[in-house]
Amino acid sequence: MAPSRSLLRPVAVATSVVSGLLLLTACGGSSAADGGKDGGTLKVGVLFPGSLSDDGFMGSAHLGYQRAAKKHAGTVEFSKVEQVATADYEKALVRFATTSDLVISIGGQTDADVRNVAARFPRVKFAEIGGPADGKPLANLSLYDPQQAEGAFLAGAASALLSKTGTVGFIGGAELPAIVNAAEEYRRGSEAADPDVKVLAPQYVGDFNDVAKAKQSALADFGAGADVLGQVLNLGHKGVAQAAGQRGGALIGGPIAHECGGDPAYAGYVETDIGAEIEYAVDHLVAGDWKAEAVRFGLTFAEPRNDIVLCDTTDPAVGEKLDELKRKITSGEIRTR
């Protein structure tokens with residue numbers, strides 16, 4: 001089954017990548033933190049808690065960062081920091097807030113800190129991507145939901161349809177509300193595709209980037225009879241792929257979809273454009289109509305940001321069933337959250 005739209009490709013941006021909390025990288029012109037009034041240039045700071053090369057949530061978000069920087073070159077100056085320790089989220093956000101018109105925080109693990117800092121800087125605009133699905137915006141904080149739950153539902157459905165043992169499982173990076181909810185939607189998607197499927201209890205690694213622990217969790221699931229696994233991990237998904245290769249199992253990758261065939265461990269990919277939400281925030285900042293709001297992206301948004309890409313299946317009924325489920329999500333007959 002081919003992707004319904006072209007796969008994401010990196011866009012080159014004239015900026016260096018420097019890891020570490022206090023070394024922020026930037027591209028664009030100079031600016032001040034007073035709404036971009038020094039010559040009209042606006043300033044945007046983005047906190048990436050994980051690695052930009054994780055080939056996952058952070059990597060997908062970074063693609064949008066690059067596109068936004070290219071689109072608004074000369075109008076917006078972008079700065080970023082990556083691989084920030086949990087204890088340093090607040091410090092990084094404060095640093096951005098003192099110099100930026102808009103601060104964007106990637107990942108629900110930053111929710112408490114971004115809310116705290118936003119309240120302390122009421123004149124600065126903030127956006128959080130991937131926080132709790134039931135979270136409420138603040139006067140200066142927007143919440144953008146990439147619908148990981150929707151992607152997890154599709155991953156669960158694909159897992160059940162592709163499973164030969166009739167048993168599937170889910171591995172999450174941390175037991176955060178959004179990830180726990182994704183695990184539940186994975187179960188719902190599996191059972192919607194095959195009511196007789198066995199879904200193992202979800203496992204939470206405790207770290208989105210710990211390859212060794214993710215591999216250990218995956219090996220446990222494969223040992224319990226699962227042959228296809230869903231996941232919401234960053235670098236950790238590499239450990240799941242390693243376990244799948246050792247045990248003859250498979251996983252559903254994503255959120256960045258790749259050409260099939262490069263790694264036989266991947267039965268398919270959830271394709272979620274996390275970076276589109278960075279573009280959305282910056283576009284509205286530049287247009288002057290940014291507002292604090294809760295926005296749900298995904299299949300029900302104006303331009304769908306979720307899809308499922310399957311590899312190496314010769315059964316047309318699998319693709320047809322997934323298309324049916326996507327239509328039901330779009331129409332509202334199936335609701336995820």
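As a basis for the values below, the full set of heavy atoms in this structure was taken, side chains included, without hydrogen atoms, waters or symmetry mates. Keep in mind it's a predicted model, so treat the numbers as computed, not measured.
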Minimal non-hydrogen separation, [X] against [Y], with atom names:
| X | Y | result |
| --- | --- | --- |
| T86 | D113 | O-OD2, 4.5 Å |
| Y144 | A127 | CE1-CB, 3.6 Å |
| F126 | V124 | CD1-O, 3.3 Å |
| A294 | P137 | N-CG, 3.7 Å |
| A92 | L47 | CB-CD1, 4.2 Å |
| A178 | G131 | CB-O, 4.0 Å |

Working for side chain to side chain contact (heavy atoms under 4.5 Å, CB included), residues V205 and Q231: CA-CA 11 Å; V205 177; Q231 51 80 34; over 6 Å; no
Find out whether [X] and [Y] are in side-chain contact, i.e. whether some heavy atom of one side chain is under 4.5 Å from a heavy atom of the other.
| X | Y | answer |
| --- | --- | --- |
| Y280 | F301 | yes |
| F208 | L235 | no |
| K198 | V168 | no |
| T41 | T75 | no |
| L310 | V318 | yes |
| T167 | L200 | yes |
| F57 | P146 | yes |
| P49 | T110 | yes |

Has [X] got a side-chain atom pairing as donor or acceptor with [Y]'s backbone, closer than 3.5 angstrom?
| X | Y | answer |
| --- | --- | --- |
| S60 | P255 | no |
| D101 | K43 | yes |
| D273 | A276 | yes |
| S51 | S53 | yes |
| S100 | A97 | no |
| T336 | E185 | no |

Shared hydrophobic cluster for V211 and L251 (ILVMFWY, side-chain gaps under 4.5 Å):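 Result: no, two separate clusters.
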E279 and its salt bridge (charged side-chain N to carboxylate O under 4.0 Å, His left out) partner, picked from K71, K70, R67: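 Going through K71, K70, R67 one by one, the salt bridge (charged side-chain N to carboxylate O under 4.0 Å, His left out) with E279 is satisfied by R67 alone.
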Side chain to side chain donor-acceptor pair (under 3.5 Å) assessment of N306 paired with E271: CA-CA 5 Å; N306 283 333; E271 184 182 13; over 6 Å; no
So, taking the atom named [atom1] in [X] and the one named [atom2] in [Y], what distance separates them when rounded to the nearest 0.5 Å?
| X | Y | atom1 | atom2 | answer |
| --- | --- | --- | --- | --- |
| L141 | K136 | CG | NZ | 13.0 Å |
| Y65 | M58 | OH | CE | 14.5 Å |
| T330 | L325 | OG1 | CG | 10.5 Å |
| D111 | L176 | CG | CG | 9.0 Å |
| R123 | N140 | CZ | CG | 12.0 Å |
| L233 | N209 | CG | CG | 9.0 Å |

Cationic N near anionic O, under 4.0 Å, D55 to K238: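 The answer is no: the pair does not qualify as a salt bridge.
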Contact list for residues 154-175, test ring pair (Phe, Tyr, Trp, His ring centres under 6.0 Å), sequence neighbours left out: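 Non-adjacent pairs meeting ring pair (Phe, Tyr, Trp, His ring centres under 6.0 Å): F170-Y186.
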Set of residues satisfying side chain to side chain donor-acceptor pair (under 3.5 Å) with respect to E175, sequence neighbours excluded: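 E175 satisfies side chain to side chain donor-acceptor pair (under 3.5 Å) with no residue once adjacent residues are dropped.
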With sequence neighbours excluded, residues passing side chain to side chain donor-acceptor pair (under 3.5 Å) with R327: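 So R327 forms no side chain to side chain donor-acceptor pair (under 3.5 Å) with any residue.
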Residue pair K328, E324: steps toward the salt bridge (Lys or Arg N to Asp or Glu O under 4.0 Å) verdict: CA-CA 6 Å; K328 288 182 176 180; E324 175 192 344; 3.1 Å; yes
Trace of the side chain to side chain contact (heavy atoms under 4.5 Å, CB included) decision for I274 with I129: CA-CA 8 Å; I274 310 298; I129 297 175; 3.8 Å; yes
Residue list, side-chain contact (heavy atoms from CB on, under 4.5 Å) with D145, at least two apart or on another chain: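 Expected list: A133, Q147, R296.
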Worked verdict on I104 versus E277 for side chain to side chain contact (heavy atoms under 4.5 Å, CB included): CA-CA 10 Å; I104 302 175; E277 295 161 49; over 6 Å; no
R120 atom CZ, neighbour heavy-atom count above 12 within 6.0 Å: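 It does: R120 CZ has more than 12 such atoms within range.
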Worked verdict on I329 versus F153 for side chain to side chain contact (heavy atoms under 4.5 Å, CB included): CA-CA 10 Å; I329 292 172; F153 184 98; 4.0 Å; yes
Run the side-chain donor-acceptor check on residues 215-228: report pairs under 3.5 Å with partners two or more places apart or on a different chain.
residue, atom, partner, partner atom, Å
S217, OG, K213, O, 3.2
D221, OD1, Q203, NE2, 2.8
D227, OD1, S163, OG, 2.6
D227, OD1, T165, OG1, 3.2
D227, OD2, K164, N, 2.7
D227, OD2, T165, N, 3.2

Could you pull out all donor-acceptor pairs under 3.5 Å where a side-chain atom in residues 263-270 meets a protein atom, sequence neighbours excluded?
residue, atom, partner, partner atom, Å
D263, OD1, A265, N, 2.9
Y266, OH, H237, ND1, 3.0

